[in-house]
Amino acid sequence: MDGQSYKLATKCSKGAKMGATALSHMADYCEDGKVKDTIRDYVVKHRDLAREIDGAIAGGGRQPKDVWKIAEWFALKGIEFKFAGEHDTQAVASSAVSSADKAIESLERNARTYSLADPEVCDYVRRTIELQRDFKEDMTEVMSKK
């Protein structure tokens, strides 16, 4: 796996891992079972995609990377601070959707930066963006039924 492909793949994988971690923590602040279930479904989807990308990285003769523990810690503390112990499903859903928008922007920017990456890696980016868009759509649908 060449340098650009490796950098893009690791960014994509780490983003999926961080998304799974953040969503998992956000679910703890939901009161509504359907919203919580939707978030937890996407935690699994994020983790599965990250494992698949890591497998491709390893298959390309490179070492997958984990999210830095300090980055996870700051993300989790940010979530705790944001919700301050309150269980507000609407706020969690809104924050999760906003996070998906930010992830899409970051993925699109990384795809432009590493535009010479292998098509397989570009497909992972496309699929990760699709996962974020599906999440937004499903959250919007679940919240509209409340």
Side-chain angles (χ1 to χ4, degrees), residues 4-59 62-115 117-146:
Q4 281 209 10
S5 298
Y6 178 66
K7 287 179 183 178
L8 184 57
T10 57
K11 286 181 179 292
C12 194
S13 171
K14 286 171 34 174
K17 291 172 190 173
M18 183 64 101
T21 298
L23 287 173
S24 178
H25 199 60
M26 289 172 124
D28 294 339
Y29 292 93
C30 284
E31 294 174 332
D32 182 273
K34 289 182 181 186
V35 172
K36 185 180 281 197
D37 290 345
T38 300
I39 290 173
R40 288 193 172 143
D41 287 346
Y42 277 89
V43 168
V44 172
K45 291 176 183 183
H46 278 75
R47 286 184 180 147
D48 288 348
L49 184 56
R51 274 193 291 277
E52 186 178 341
I53 297 167
D54 282 350
I57 292 169
R62 297 288 196 120
Q63 183 67 35
K65 293 185 177 182
D66 287 326
V67 175
W68 290 349
K69 293 299 178 192
I70 193 73
E72 281 185 345
W73 183 84
F74 273 111
L76 297 180
K77 290 301 174 190
I79 291 166
E80 288 174 11
F81 180 75
K82 183 170 191 154
F83 300 116
E86 295 294 320
H87 288 38
D88 183 345
T89 300
Q90 180 65 41
V92 170
S94 177
S95 182
V97 167
S98 176
S99 294
D101 282 332
K102 290 174 187 170
I104 291 168
E105 288 174 20
S106 178
L107 287 160
E108 289 173 340
R109 184 175 48 253
N110 285 324
R112 287 189 303 274
T113 300
Y114 303 106
S115 61
D118 293 335
E120 176 187 18
V121 173
C122 293
D123 188 55
Y124 285 127
V125 173
R126 181 196 57 76
R127 288 176 51 205
T128 307
I129 290 171
E130 189 175 290
L131 178 66
Q132 300 305 316
R133 288 186 175 138
D134 289 348
F135 172 72
K136 287 176 46 178
E137 184 178 307
D138 287 352
M139 286 300 292
T140 301
E141 183 178 324
V142 169
M143 291 305 294
S144 72
K145 293 180 180 178
K146 288 185 65 70

Engineer: Can you name the nearest heavy-atom pair linking P64 to I57, along with the distance?
Structural biologist: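 Taking P64 first and I57 second, the nearest heavy atoms are N-CG2, 3.7 Å.
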Engineer: Which pairs count as side-chain hydrogen bond (donor to acceptor under 3.5 Å, both in side chains) when at least one residue sits in residues 33-46, sequence neighbours excluded?
Structural biologist: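 The answer is Y42-D138, H46-Q132.
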Engineer: List the steps, then state whether side-chain contact (heavy atoms from CB on, under 4.5 Å) holds for L49 with L131.
Structural biologist: CA-CA 9 Å; L49 184 56; L131 178 66; 4.2 Å; yes
Engineer: Which distance, rounded to the nearest 0.5 Å, do you find between the NZ of K69 and the CZ of F74?
Structural biologist: 15.0 Å
Engineer: Where the side chain of D123 meets the backbone of P119, is there a donor-acceptor pair that is under 3.5 Å apart?
Structural biologist: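 Answer holds: no.
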Engineer: For E108, which residues count as a side-chain hydrogen bond (donor to acceptor under 3.5 Å, both in side chains) partner, sequence neighbours excluded?
Structural biologist: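 Per chain and number, E108 pairs via side-chain hydrogen bond (donor to acceptor under 3.5 Å, both in side chains) with R133.
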Engineer: Locate the shortest heavy-atom distance separating E31 from T89; write the atom from each residue and the value.
Structural biologist: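 In terms of heavy atoms, the two residues are closest at N-OG1, 2.7 Å.
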Engineer: List the residues meeting side-chain contact (heavy atoms from CB on, under 4.5 Å) with R47, not counting sequence neighbours, and say none if there are none.
Structural biologist: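 With sequence neighbours excluded, R47 shows a side-chain contact (heavy atoms from CB on, under 4.5 Å) to A20, S24, V43, R51, given in chain and number order.
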Engineer: Can you name the side-chain contact (heavy atoms from CB on, under 4.5 Å) partners of S5, sequence neighbours left out?
Structural biologist: M1, D2, A117, D118, V121
Engineer: Walk me through whether I79 and D28 qualify under side-chain contact (heavy atoms from CB on, under 4.5 Å).
Structural biologist: CA-CA 10 Å; I79 291 166; D28 294 339; over 6 Å; no
Engineer: Quick one: list whatever passes salt bridge (Lys or Arg N to Asp or Glu O under 4.0 Å) with E105, sequence neighbours left out.
Structural biologist: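 By the salt bridge (Lys or Arg N to Asp or Glu O under 4.0 Å) rule, E105 matches no residue at all.
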Engineer: Under the side-chain hydrogen bond (donor to acceptor under 3.5 Å, both in side chains) rule, collect the residues that match up with S99, sequence neighbours excluded.
Structural biologist: none
Engineer: Ignoring hydrogens, what is the shortest heavy-atom contact between V92 and M26? Give both atom names and the distance.
Structural biologist: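 Smallest interatomic distance, heavy atoms only, reads CG1-O, 3.6 Å.
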Engineer: Quick one: list whatever passes side-chain contact (heavy atoms from CB on, under 4.5 Å) with S94, sequence neighbours left out.
Structural biologist: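 Checked S94 against side-chain contact (heavy atoms from CB on, under 4.5 Å); zero matches.
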Engineer: Excluding sequence neighbours, so at least two apart, what forms side-chain hydrogen bond (donor to acceptor under 3.5 Å, both in side chains) with E130?
Structural biologist: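 With neighbours one apart ignored, the set is R126.
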Engineer: If the condition is side-chain hydrogen bond (donor to acceptor under 3.5 Å, both in side chains), which residues does D101 pass it with, not counting sequence neighbours?
Structural biologist: K136
Engineer: Locate the shortest heavy-atom distance separating Q4 from S115; write the atom from each residue and the value.
Structural biologist: OE1-N, 3.4 Å
Engineer: Can you tell me how far the CG atom of L107 sits from the CD1 atom of I129, to the nearest 0.5 Å?
Structural biologist: 5.0 Å
Engineer: Side chains of N110 and V125: does their closest heavy-atom pair fall under 4.5 Å?
Structural biologist: no
Engineer: Residues two or more places apart in sequence or in another chain: which of them pass ring-ring contact (aromatic ring centres under 6.0 Å, His included) with Y29?
Structural biologist: H25, F83, H87
Engineer: Holding to side-chain contact (heavy atoms from CB on, under 4.5 Å), I want the full list of residues that pass it with A56, two or more places apart in sequence or in another chain.
Structural biologist: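 Applying side-chain contact (heavy atoms from CB on, under 4.5 Å) to A56 gives E120, Y124.
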Engineer: Between atom CG of D134 and atom CD of E141, what is the distance when rounded to the nearest 0.5 Å?
Structural biologist: 11.5 Å
Engineer: Taking only distance into account, with no hydrogens and no angle test, what donor-acceptor pairs under 3.5 Å do side-chain atoms of residues 7-19 form with protein atoms, sequence neighbours excluded?
Structural biologist:
unit_1, atom_1, unit_2, atom_2, d
T10, OG1, Y6, O, 3.0
T10, OG1, K7, O, 3.0
S13, OG, D54, OD1, 2.6
K17, NZ, D54, OD2, 2.7
K17, NZ, K65, O, 2.8
K17, NZ, D66, OD1, 3.4

